[in-house]
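In what follows, a single structure is set out as structure tokens and then discussed.
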Amino acid sequence: MPHRLELIGITKRFPGVLANDNVSFSVRPGEIHALLGENGAGKSTLVKMIYGIMQPDSGEIRWDGQPVQIANPKAARKLGIGMVFQHFSLFEALTVLENIALGMDSKIPSRELESRIRDVMSTYGLLLDPHRTVATLSVGERQRIEIVRALLLDPKLLIMDEPTSVLTPQEVEQLFEVLRKLAAQGCSILYISHKLHEIKALCDTATILRGGKLVDTCDPKAETSRSMAEKMIGAGLKDIVRAPGRSLGQPKLVISRLSTTKTGHFEVPVDNVSFTVRTGEIFGIAGVAGNGQNALLDALSGEIRSDDKDAITIDGYPLGLLDTTGRRKRGLCAVPEERNGHAAVADFSLSDNSILTARDRLGMVMLGLINSGAAKTYTGKVIADFAVKALGPASTAGSLSGGNLQKYIMGREILQKPSVLVVSQPTWGVDAGAAAAIHQALVDLASAGSAIVVISQDLDELRALCDTMAVINMGRLSPARPVGEVSVEEIGLLMGGVHGSTEAHDAVPA
Amino acid sequence: MEILIPIVITLVGAATPILLAALGELVVEKAGVLNLGVEGMMLVGAIAGFAAQFYTGNPYFALLIGACAGAATSLIFGFLTLSLSANQTATGLALTIFGTGFSALAGAPFSARPIELMRPLFPAELATHPVWRVVFGYSAPVYFSFFMVFAIWYFLKKTRGGLILRAVGENDLSAHSIGYSVKGVRYAAVVFGGAMAGIAGACFPLLLTPQWAERMTAGRGWIAVALVVFASWKPFRLLAGAYLFGLVMTMELYAKAGGGPLSVIPSELWAALPYLATIIVLVLISIRRDASTNAPACLGKPFLPSN
């Protein structure tokens, strides 16, 4: 039997970078094939060429043994290639049915489309009400829309781009069931991820890319996560080094009955949250995106002020009524999730960005005048200490890659030596090397006596980094537990909305 | 009863241009574009319609010319905001200033030269009885405005084209990534909005006062813009809103004329009521900002695709 998809010597060059260098691999019918690599390894470029968004500079794509030119996504869909993107292209105010109709190439009467959607849903156990508005759906449900949209075209190859980065462990398991069912029926799946345990659990073959080159094609079940990770980053993996004999000190940051009111359209507010972080402790907050993490970060940083001065205290000093500047002066620094536009101003130089958050703690402003020399020196130190790839303090924040900007932002806060640091998604979209550096910096800051709160959707990250963990669901926080004492399954249930036995009745059916 | 009939007829006359202009703006805003130049486009439509009627005496041709003039004016806005990604609010305001000045300049030779009003659509025999006059006594734009309420509702709600238009207004980047032409859809919507504003403007000389007067639309374009928000971007609510505002304006006229109980409230207050109502509605809407207000998510944001 011919291969379903075969890539032979695919090369793609962008100005200044060789995104794909002579890459060849093939996918059999019914095979689940992993495409593994760090950010910038060339996975997305490769997949975009298969889906017709870009054209290779040289090399050949064969489909069922025949050489093909895939001019655009429409041509790809015609061949039977479907794709589920990492970032959904959905319309929040429209219904599931309307969203699917918009993505179809041919005009289908809505009644017929609806019955076809229901067929696909029942075949694969993808439950969704076609008349629900997307805004009311969870991220997992939204992903189902994209999958249904792709399945309606009877694909022979389904490309999934980092599909699990936003799902709970239970939702991941359900997704895997669907994918296995599809594969059993002969549909090939190209599964892009950097989560190694998922690839080991799901995939038959893994192709590993590094710096645009194919490093290895292997059987993930025969490899260890560590061996694949080392192929992926091309070097030995650094473990987080913790200072020996570390013990947690006195309560530093105490949050009691913190609540926010509903602000944006679909924003979930924080509901009566209390927790304590001790000196030297890293406190992790897990949860599926959109469960109040943004409101919690804003409430902690001071963007949303509390009515109650004692809702937030550091070493007993009340901060509840203070704004961000006031809280920064008292030692509470925060890094929001959105790098460009929230944590940093894209069009400002790094030096100016440093002034925005470090001016009071480091005396960059005197009598209303900016001490630009101090800002430049400090920014240079951040760039050097955190190995930020930037031309210098004068480069604009927007000119940095995501990972480098994140390293700069983390460095900018950490070098201020805050007594409490709150960070959201510290390594979102950051490659493994940079992530390890950021993790190490957080651990070092904690060892030096700061209290740290990490809000993240990445359970692996939280389990590796934190001493204590809690889960946020619909704005409420589960009781905190030492990381060693909770299982992934328990966390998963909490993320899905099951709060112990007392509130099991309002669990969201997964 | 006999008193009510002229009130109804005045009311319809006052409401029709607002409704037409607001329907156009509704479609524009549903595509995610905020065109604050409605007043300016109406004035250009008004002078173009007036001139066409003055020279040809064919009111249908005059309406067509008004529509074309409004559409052409809207293309200035479209080019600046869609092709050059200029700020929509500022460009819309500039368009109104431009339309006001341009229409005053173009209209100067026509001052104090009357034209003929547009005749009712149906034969006069149908409208001899006062009650039938309320149904059959109007000229074509009035019936056209009712038809457009239904047509736009149907288009937005039931057709694929309407779905694409709403999608573009809701999430331009997603619509682009699926493969729809965001700029194309928005240009079409803007030109449609301009044509509707042009017709609305031409209604002033053709239906209401058969003379050219500078700024004869008297701020109705602004009311139309506010009405779209007032109606939560829903065509049938727009119909109700336009007639509510039309009623208040009619009351003002009767109060001015010293019409009995209405004159208890000074006519200046009547005149201010639509604007007060608009401000109150805008305040209310900005207080309860939730999905039910139905605002297109990309309203007023320039479309800047990354690749």
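Residue numbering restarts at 1 for every chain, and letters A, B, ... go by the order of the sequence lines.
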Tell me if the [atom1] atom of [X] is crowded by more than 12 foreign heavy atoms within 6.0 Å.
X      : atom1 : answer
A/F14  : CZ    : yes
A/R13  : CZ    : no
A/F348 : CZ    : no
B/F79  : CZ    : no
A/N72  : CG    : yes

Backbone of A/A101 reached by a side-chain donor or acceptor of B/R160 within 3.5 Å: yes

Taking the side chain as C-beta and beyond, is there a heavy-atom pair between B/N171 and A/L90 under 4.5 Å? no

So, for B/E170 and A/E92, which heavy atoms are closest and what is the spacing to 0.1 Å?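 That would be CG-N, 4.5 Å.
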
Which region of A/M104, side chain (C-beta onward) or backbone (N, CA, C, O), has a non-hydrogen atom less than 4.5 Å from a non-hydrogen atom of chain B, or is it both or neither? backbone

Out of A/L97, A/N99, A/L94, which residue meets the side-chain contact (heavy atoms from CB on, under 4.5 Å) rule with B/L163?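 The passing option is A/L94.
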
Where on B/A297 is there a heavy atom nearer than 4.5 Å to chain A: the side chain, the backbone, both, or neither? neither

